[in-house]
Amino acid sequence: MEKDKLLELRDNAITVDEYLKLRRLVGWKRLTREQAQKALDNSLLTVGAYLAGQPIGMGRIVGDGAVICYIQDLITPPQAQGLGVGSMIMRRLKAYVEEIRLPDTEMMLDLMCAKGREEFYRQHGFLARPTENLGPGMIMYLHDKDWEP
């Protein structure tokens with residue numbers, strides 16, 4: 001069978017175990033099961049990429065669905081990179097945001113990109129910040145005083 005016939009995208013099907021496994025495969029920060037489940041439950045959309053029934057990538061949309069949405073957790077583990085999985089997920093995420101955008105409005109679609117992945121997002125129409133009119137993105141981590149990663 002051809003790869004394309006075995007590769008499929010599924011909306012809102014990623015399980016907490018699949019999510020945690022994909023995060024581990026790319027070396028992202030550890031989440032508790034409770035955090036992971038709440039993140040999935042509160043997403044506007046999750047998209048899982050499956051090859052022969054096994055998860056090989058994912059992405060999700062979070063936000064208010066009217067003014068701003070964010071692409072979050074676009075994950076393609078190293079062993080699945082180069083198959084076009086990330087681009088397939090990206091196209092589905094962007095299409096979803098277009099579907100929910102209110103008529104005659106503009107919606108912001110934002111993301112925070114991992115270092116070294118900027119070109120992938122540029123190829124999908126994203127603008128790197130800062131620009132002449134837009135400042136840099138910023139982040140703050142909130143945690144208990146005795147919290148350890």
Side-chain angles (χ1 to χ4, degrees), residues 3-103 105-130 134-144 147 149:
K3 170 190 63 111
D4 292 345
K5 293 189 189 295
L6 297 173
L7 182 60
E8 66 174 323
L9 296 182
R10 299 180 195 162
D11 288 355
N12 300 315
I14 287 284
T15 68
V16 70
D17 290 327
E18 291 168 340
Y19 178 40
L20 290 170
K21 179 181 178 181
L22 288 167
R23 289 182 62 91
R24 276 193 308 274
L25 289 173
V26 294
W28 286 1
K29 290 183 177 187
R30 180 189 62 81
L31 299 179
T32 66
R33 285 185 68 76
E34 182 180 17
Q35 277 181 300
Q37 188 64 64
K38 191 167 186 176
L40 293 174
D41 291 346
N42 289 327
S43 298
L44 296 174
L45 174 72
T46 62
V47 176
Y50 293 83
L51 182 61
Q54 296 301 309
I56 62 165
M58 71 162 289
R60 59 191 187 102
I61 295 289
V62 298
D64 60 30
V67 176
I68 191 164
C69 286
Y70 294 88
I71 293 177
Q72 190 65 40
D73 300 329
L74 182 56
I75 303 171
T76 306
Q79 60 271 29
Q81 292 176 5
L83 301 176
V85 174
S87 291
M88 288 176 63
I89 295 169
M90 176 63 73
R91 285 191 295 272
R92 174 64 190 121
L93 295 172
K94 285 172 56 178
Y96 172 80
V97 174
E98 276 293 341
E99 290 166 14
I100 66 169
R101 184 177 54 80
L102 298 170
T105 67
E106 177 180 72
M107 185 165 3
M108 289 183 288
L109 179 57
D110 295 342
L111 58 83
M112 291 182 51
C113 147
K115 193 163 183 69
R117 303 291 186 219
E118 296 87 353
E119 189 54 33
F120 172 81
Y121 293 106
R122 278 190 195 99
Q123 290 173 3
H124 288 279
F126 286 86
L127 176 67
R129 294 178 71 163
L134 299 171
M138 302 179 86
I139 192 168
M140 175 189 293
Y141 293 104
L142 305 173
H143 53 78
D144 297 337
W147 181 85

*Kindly give the heavy-atom pair with the smallest separation between S87 and H124, and that separation in Å.*
OG-NE2, 3.0 Å
_For P77 against L22, the heavy-atom pair lying closest together_ = CG-CD2, 3.6 Å
*asked:* Could you check whether any side-chain N or O of N12 sits under 3.5 Å from a backbone N or O of T46, counting only pairs where one atom can act as donor and the other as acceptor?
replied: yes
*Start with the C-alpha distance between L25 and Q79, add both sets of side-chain angles, then the distance that settles side chain to side chain contact (heavy atoms under 4.5 Å, CB included), and finish with yes or no.*
CA-CA 9 Å; L25 289 173; Q79 60 271 29; 3.8 Å; yes
_Once rounded to the nearest 0.5 Å, what's the spacing between atom CD of Q72 and atom CG of L44?_
12.0 Å
*Would the number of heavy atoms belonging to other residues, nucleotides or ligands and lying under 6.0 Å from CD of E106 be above 12?*
no
*asked:* So, taking the atom named CZ in R122 and the one named CZ in R117, what distance separates them when rounded to the nearest 0.5 Å?
replied: 13.5 Å
*Check whether any side-chain heavy atom of L45 lies under 4.5 Å from a side-chain heavy atom of L93, and answer yes or no.*
yes
_Gap between atom CE of M58 and atom CG of L9 - 0.5 Å precision_ = 12.0 Å
*asked:* Using modelled atom types and a 3.5 Å cut-off, is there a donor and acceptor pairing between side-chain atoms of R60 and backbone atoms of A39?
replied: yes
*Y121/L74 under side chain to side chain contact (heavy atoms under 4.5 Å, CB included): CA gap, chis, key distance, verdict*: CA-CA 11 Å; Y121 293 106; L74 182 56; 3.5 Å; yes
*Is it true that atom CD of E34 has more than 12 heavy atoms of other residues, nucleotides or ligands lying nearer than 6.0 Å?*
no
*Residues Y96, D11; criterion side-chain hydrogen bond (donor to acceptor under 3.5 Å, both in side chains); working and verdict*: CA-CA 10 Å; Y96 172 80; D11 288 355; over 6 Å; no
*Given salt bridge (Lys or Arg N to Asp or Glu O under 4.0 Å), test R101 with E98 step by step and report yes or no.*
CA-CA 5 Å; R101 184 177 54 80; E98 276 293 341; 3.0 Å; yes
*Measure from the side-chain N and O atoms of Q81 to the backbone N and O of T76, and report whether any donor-acceptor pair falls under 3.5 Å.*
yes
*Heavy-atom distance under 4.5 Å between the side chains of L127 and L134, does that happen here?*
yes
*What's the spacing between C69 SG and K94 NZ if we round to 0.5 Å?*
13.5 Å
*From Q35 atom CD to L20 atom CG, the distance as rounded to the nearest 0.5 Å*: 9.5 Å
*Atom pair CZ/CD of R10 and E18 - distance to nearest 0.5 Å*: 7.5 Å
_If I compare all heavy atoms of L109 with all of F126, which pair ends up nearest, and what's the gap?_
O-CE2, 3.4 Å
_Nearest heavy-atom neighbours spanning V26 and I75_ = CG1-CG2, 3.7 Å
*Of the non-hydrogen atoms in P55 and Y50, which two are nearest, and what is the gap between them?*
N-CD2, 3.5 Å
*For M88 and L83, what are the C-alpha separation, side-chain angles and deciding distance, and is it a side chain to side chain contact (heavy atoms under 4.5 Å, CB included)?*
CA-CA 9 Å; M88 288 176 63; L83 301 176; over 6 Å; no
*What is the minimum heavy-atom distance between V85 and A49, and which atoms define it?*
CG1-CB, 3.5 Å
*Y141 and K29: CA distance, side-chain angles, deciding distance, side chain to side chain contact (heavy atoms under 4.5 Å, CB included) verdict*: CA-CA 12 Å; Y141 293 104; K29 290 183 177 187; 3.4 Å; yes
